[in-house]
Undergrad: 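The structure that follows is given in the form of structure tokens.
Just so it is clear, the model here is predicted, and its values are computed rather than measured. Each ligand, and each atom within it, is numbered from 1 in the order the structure gives. Numbering of residues begins at 1 and proceeds along the displayed sequence.
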Amino acid sequence: MNVLVIGGGGREHAIAWKIKQSPLLRNLYVVPGNGGTKSIAHNISIAVDDFEQIKTQALDKSIDLVVVGPEAPLVKGIKDFFQNDERLTHIPVFGPDSKGANLEGSKDWAKSFMEKYNIPTAPYKTFHKKEPNKALEYLENLTPPYVIKADGLAAGKGVVICHDKQQAHSELTSMLEHDKFGEASRKVVIEKFLEGIELSVFVITDGSDYKILPSAKDYKRVGEGDTGLNTGGMGSISPVPFAGKDFMDKVEQRIIQPTIKGLQEERIDYKGFIFFGLMKVDDDPYMIEYNARMGDPEAESIIPRIKTDLLDLMHASATGHLKEKSLAIDPRHSVSVMLVSGGYPGKYEKGKEITGISQGQNSLIFHAGTKENAHLETSGGRVMAITGMGDSLEAALEETYAGCKNVHFEGKYYRKDIGQDLLKYLNK
Ligand code: AMP
Ligand code: GLY
């Protein structure tokens, strides 16, 4: 098969790395890719939402499968674009259409879907631009902290947790009245704060069958001990030690199955990954949010644990044959730590030379913000994920952190405490 992967982050490098191992692969292309995908695939320097250019490339390269990594092209309708163009309609796309991507693209839509299909989630109410006063009134019924969410995509910044009413008022005013996130905050969801511990669960589905992928936990804050600003993700571990069989059975029965059934009842032919962002409250799972894709940096710890041919699985999903496939998972633990540019997620410098990545090491390297000029250099805040594996979480941590030390670039920073909070669940 000739395969086109859309995206240019660590997630897409991990996906491309795995596809590259498939005997079914002929040629691999990545749009736009990064310094890491360049060494295993052909990078094509076009934007992920430039569908006309993607069409030209898909036809020119005789693409047999398109795999979509990030949410933006999904929400914008890349799948619909392929389905509705008679020259492209024969090319399967792994990823939901724009209706399915609404699970991620509209928090209001996703919440009403959860409500309709009895999927446990925090109680909520949605408010429109014209009714800021109603939103302020609703706050009166709640106790802090207040959870306020812009309805649409806001580059991961659309959720604000406010610790007092004054902050909640000003947040609501800036979203609903001053278009803080443009179109995305013309509607807001206000919901109850859930107290618990978060985890990410993923399935691959073809709309009728599904397979549950390894669970993962990501670390979003820049500072150790989960302090400081939110980032795109500073690391992840898989599996999640507090998500045992009993808990995962509840996730499957209360969350995954009603979601698949709900999609069918809504006549949404969902083919792709579904990401369930969950809160474990006592021993029960609650939905926080759906994403219509793999997580990043969860992909960098999950994908190395998938033993099955991922290209075969994705193609089976995109063509509706998932039932015929099985999924094998490596029982080992994996840990992924993100090396970032000093200053990230605030201001940081780019163009720093990266050295040390070819030194013999057992860990894997998935590039995120890198590019190859005369030499390999940084081109983003999150530069690369180092992933190590081991029979225990401790062993995986050791391998990963050894790898983190080998790589050098000016201003390199990474969290040294990824996974530390979870050791207590294993050493009980
Ligand atoms: P989201 O973009 O919906 O994943 O929200 C970003 C983060 O906000 C989540 O990962 C949680 O840490 C937090 N969050 C969102 N909704 C809630 C909630 N109802 N209760 C507690 N924390 C939440
Ligand atoms: N790691 C969270 C996300 O991919 O949105």
Undergrad: Measure up the Phe273 and Phe94 rings against each other and bin them: parallel (under 30°), tilted (30 to 60°), perpendicular (over 60°).
TA: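 Geometry flag for Phe94 against Phe273: perpendicular rings.
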Undergrad: Could you list which atoms of ligand 2 come closer than 4.0 Å to a heavy atom of Arg293?
TA: 3 (C), 4 (O), 5 (O)
Undergrad: Quick check: does Phe193 get an N/O under 3.5 Å from an N/O on ligand 1?
TA: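 No; the residue has no nitrogen or oxygen that sits under 3.5 Å from a nitrogen or oxygen of the ligand.
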Undergrad: For this output row, return yes or no: ring centroids of Phe276 and Tyr290 closer than 6.0 angstrom.
TA: yes
Undergrad: Write out the residue and atom name of the closest protein heavy atom to atom 16 (N) of ligand 1, then the distance separating them to 0.1 Å.
TA: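 It is Lys149 NZ, 3.0 Å.
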Undergrad: Between Lys220 and ligand 2, is there a nitrogen or oxygen pair with a distance under 3.5 Å?
TA: no
Undergrad: Looking only at distance, does Glu289 have an N or O less than 3.5 Å from an N or O of ligand 2?
TA: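 No, there is no polar N/O contact under 3.5 Å.
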Undergrad: Has Glu410 got more than 12 heavy atoms of other residues, nucleotides or ligands less than 6.0 Å from its CD?
TA: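 Not buried by this count: 12 neighbours or fewer within 6.0 Å.
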Undergrad: Between Lys217 and Glu198, is there a salt bridge with N-O shorter than 4.0 Å?
TA: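 Here Glu198 does not pair with Lys217 in a salt bridge, since their nearest N and O are not under 4.0 Å apart.
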Undergrad: Quick check on contacts: which atoms of ligand 2 are under 4.0 angstrom from a heavy atom of Gly295?
TA: 4 (O)
Undergrad: For Arg11, is the nearest heavy atom under 4.0 Å from an atom of ligand 2?
TA: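 False for this residue.
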Undergrad: Less than 6.0 angstrom from the centroid, inside 45 degrees of the normal: does Lys280 satisfy that with respect to the ring of Phe242?
TA: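 The answer is no, since Lys280 fails at least one limit relative to Phe242.
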Undergrad: Can the positive tip of Lys416 be found less than 6.0 Å from the middle of the six-membered ring of Tyr414, inside 45° of the ring normal?
TA: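 Yes, cation above the ring, under 6.0 Å and within 45°.
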Undergrad: Could you tell me whether Asp206 and Lys271 make a salt bridge, using a distance below 4.0 angstrom between a side-chain N and a carboxylate O?
TA: no
Undergrad: What verdict does the side-chain hydrogen bond (donor to acceptor under 3.5 Å, both in side chains) test give for Asp218 and Ser236, after you've listed the backbone C-alpha separation in whole Å, the side-chain angles of each residue and the deciding distance to 0.1 Å?
TA: CA-CA 4 Å; Asp218 76 341; Ser236 66; over 6 Å; no
Undergrad: Identify, for atom 13 (C) of ligand 1, the protein heavy atom at the shortest distance, and state residue, atom and that distance.
TA: Ile161 CD1, 3.9 Å
Undergrad: If you count the atoms of ligand 1 from 1 in the order shown, which ones are under 4.0 Å from a heavy atom of Lys107?
TA: 2 (O), 3 (O)
Undergrad: What is the nearest protein non-hydrogen atom to atom 5 (O) of ligand 1, stated with its residue, atom name and distance?
TA: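 Here the nearest protein heavy atom works out to Val159 CG2, 3.3 Å.
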Undergrad: Centre of Phe51's six-membered ring, under 6.0 Å away, within 45 degrees of the axis: is that where NZ or CZ of Lys76 sits?
TA: yes
Undergrad: What atoms of ligand 2 come within less than 4.0 Å of a heavy atom belonging to Asp218?
TA: 1 (N), 2 (C)
Undergrad: Check the orientation of Phe113 and Trp109. Use parallel for under 30°, tilted for 30 to 60°, and perpendicular for over 60°.
TA: parallel
Undergrad: Just need the protein heavy atom nearest to atom 18 (C) of ligand 1, so name the residue and atom and give the distance.
TA: Glu191 OE2, 3.6 Å
Undergrad: Can you report which non-hydrogen protein atom sits closest to atom 3 (O) of ligand 1, along with the distance?
TA: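 Heavy-atom neighbour on the protein nearest atom 3 (O) of ligand 1: Glu289 OE1, 3.1 Å.
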Undergrad: Could you tell me the separation between the CH2 atom of Trp17 and the CD1 atom of Ile365, rounded to the nearest 0.5 Å?
TA: 12.5 Å
Undergrad: If you count the atoms of ligand 1 from 1 in the order shown, which ones are under 4.0 Å from a heavy atom of Met279?
TA: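 Matching atoms, with element in brackets: 21 (C), 22 (N).
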Undergrad: Under 4.0 Å, counting heavy atoms only: does Lys192 come that close to any atom of ligand 1?
TA: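 Yes, Lys192 has heavy atoms under 4.0 Å from ligand 1.
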Undergrad: How far is atom 20 (N) of ligand 1 from its nearest protein heavy atom, and which residue and atom name does that atom have?
TA: Leu194 N, 2.8 Å
Undergrad: What is the closest protein heavy atom to atom 11 (C) of ligand 1, and at what distance does it sit?
TA: Glu198 OE2, 3.2 Å
Undergrad: Examine the proximity of ligand 2 to Met294 and report which part, side chain or backbone, both or neither, has a heavy atom under 4.0 Å away.
TA: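 For Met294, there is no contact with ligand 2 at all, from either part.
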